[in-house]
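Counting starts at 1 for both ligands and their atoms, following the listed order.
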Amino acid sequence: MPVTVVYPGTFDPITNGHMDIVRRAHRLFDRVLVAVAANPTKRPTFTLDERVDMACQALQGFERVEVCGFDGLLADFAAAHGSRVLLRGLRAVSDFEHEFQLASMNRHLAPDLETVFLTPAEEYSYVSSSLVREVAALGGDVSHFVADSVEAALRARLG
Ligand code: COA
C-alpha cells in the first residue's frame, strides 16, 4: 500500500533546509504531503496562502510532493489525508526536546500515528525561517538558504 508521509511546519518561509528534508523523504515514501500550519500564535510574516504558494513554487520539480495548508490539529489533518506517518527534521540535539513533546502529544491524540525524524545536510543545521527573515530584512544575502522565488518574496516583503 502506498505510504503518504506528512511533513508539517509553519514554513515562514520554506528554506533549503526544509527542502533538503523533503528531498530525502521523497526517496523513502510514495507521497510527501507538506502541511503548512496556519499557526497564528507564531504571528507569521507571510499569510497562510503566501506560505503555501512559496512552498509550491520551491518544490515544483518534485513529482510526488504536494503542499496543503491547514488550520486545526495535525493529527486530524493526517487522518483526513490517509496518513499514519508524520515527518519532522532534527537539526541539532537542541531540537530534540520540543520534537519529543510534539511526537508524544500526537501519539496521545492518535495512537496509530507514528513520527519519524530525518536530519538535514550539515550546511543547513543552523538555518531557521526566522533567522533567514532577519538576515533578509537587514539586507544580507540569503541566496544560499532559500529558493530564488522565496528570496524574491522576502525582498518584496522585507526590503
Ligand atoms: N531547515 C530549516 N529550518 C528548520 C528545519 C530545517 N530542516 N527544521 C525546522 N526548522 C525551523 C523552522 O524554520 C522554524 O524556525 P522559526 O522558529 O525560526 O520559524 C523552527 O525550526 C521550527 O518551526 P516549525 O517547523 O514550523 O515547527 P513549529 O515548532 O513552529 O510548529 C507544527 C510545528 C506546525 C508541526 C505544530 O505547531 C503543529 O502541529 N501545529 C498544528 C496544531 C496542532 O496539532 N498542535 C498540537 C501539536 S502536538
Side-chain angles (χ1 to χ4, degrees), residues 4-29 32-55 58-59 62 65-81 83-138 140 142-147 149-151 153-154 157-158:
T4 296
V5 68
V6 172
Y7 179 37
T10 311
F11 301 111
D12 186 34
I14 189 165
T15 68
N16 289 345
H18 294 124
M19 286 170 61
D20 184 77
I21 296 285
V22 171
R23 197 170 297 119
R24 289 167 199 280
H26 190 249
R27 292 190 210 123
L28 299 172
F29 297 94
V32 182
L33 185 50
V34 176
V36 183
N39 224 345
T41 49
K42 254 187 145 175
R43 306 177 111 246
T45 297
F46 293 97
T47 66
L48 178 59
D49 285 346
E50 287 169 337
R51 284 178 278 138
V52 169
D53 282 350
M54 282 189 286
L59 294 166
F62 294 96
V65 175
E66 287 164 45
V67 181
C68 199
F70 77 103
D71 184 5
L73 278 180
L74 177 58
D76 292 343
F77 175 88
H81 287 82
S83 174
R84 290 195 304 176
V85 192
L86 298 177
L87 168 65
R88 292 286 289 169
L90 280 180
R91 292 165 298 172
V93 178
S94 51
D95 280 343
F96 179 78
E97 207 165 298
H98 179 58
E99 294 303 331
F100 188 76
Q101 262 188 320
L102 288 186
S104 303
M105 181 57 82
N106 281 319
R107 178 173 284 168
H108 171 81
L109 295 169
D112 287 342
L113 191 58
E114 295 297 346
T115 304
V116 299
F117 300 95
L118 289 175
T119 56
E122 223 172 289
E123 62 185 300
Y124 302 125
S125 60
Y126 58 96
V127 181
S128 73
S129 299
S130 52
L131 212 49
V132 165
R133 288 198 310 273
E134 184 178 329
V135 172
L138 296 171
V142 292
S143 58
H144 180 69
F145 303 116
V146 293
S149 53
V150 174
E151 192 185 356
L154 281 166
R157 179 61 47 89
L158 303 171

For the backbone of [Y] and the side chain of [X], can you confirm whether one donor and one acceptor N or O come within less than 3.5 Å of each other?
X    : Y    : value
S83  : T4   : yes
D20  : A121 : yes
H98  : D95  : no
R51  : F46  : yes
S129 : P13  : yes
R88  : T115 : no

Check: [Y] and [X] side chains under 4.5 Å, non-hydrogen atoms:
X    : Y    : result
H144 : N16  : no
L59  : I14  : yes
F77  : V6   : yes
F100 : F117 : no
V34  : F11  : yes
Y7   : H18  : yes
F62  : R23  : yes

Who's the nearest protein heavy-atom neighbour of [atom], and how far?
atom                    : value
atom 26 (O) of ligand 1 : T10 N, 2.6 Å
atom 47 (C) of ligand 1 : L102 CD2, 3.9 Å
atom 25 (O) of ligand 1 : R88 NH1, 3.3 Å
atom 23 (O) of ligand 1 : K42 NZ, 3.1 Å
atom 44 (O) of ligand 1 : L74 N, 2.8 Å
atom 12 (C) of ligand 1 : H18 NE2, 3.7 Å
atom 2 (C) of ligand 1  : T15 OG1, 3.1 Å

Under 3.5 Å: N/O of [X] near N/O of ligand 1:
X    : result
V127 : yes
R91  : yes
P120 : no
M105 : no

Sub-4.0 Å atoms of ligand 1 with respect to non-hydrogen atoms of [X]:
X    : value
N106 : 48 (S)
A37  : 34 (C)
S130 : 16 (P), 18 (O), 19 (O)
S128 : 3 (N), 13 (O), 15 (O), 18 (O)

Taking only non-hydrogen atoms of [X], do any sit less than 4.0 angstrom from ligand 1?
X   : result
G72 : yes
H98 : yes
F70 : yes

At a non-hydrogen distance cut-off of under 4.0 Å, which region of [X] contacts ligand 1 (side chain, backbone, both, or neither)?
X    : answer
L73  : both
N39  : side chain
S129 : both
Y124 : neither
I21  : side chain

Inset, instruction - Answer yes if a protein heavy atom lies under 4.0 Å from atom 36 (C) of ligand 1, otherwise answer no. - result: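 Looking at atom 36 (C) of ligand 1, one finds that no protein heavy atom lies closer than 4.0 Å.
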Inset, instruction - Give a yes or no on this: more than 12 heavy atoms of other residues, nucleotides or ligands lie within 6.0 Å of atom CZ of R24. - result: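 Result for CZ/R24: enclosed.
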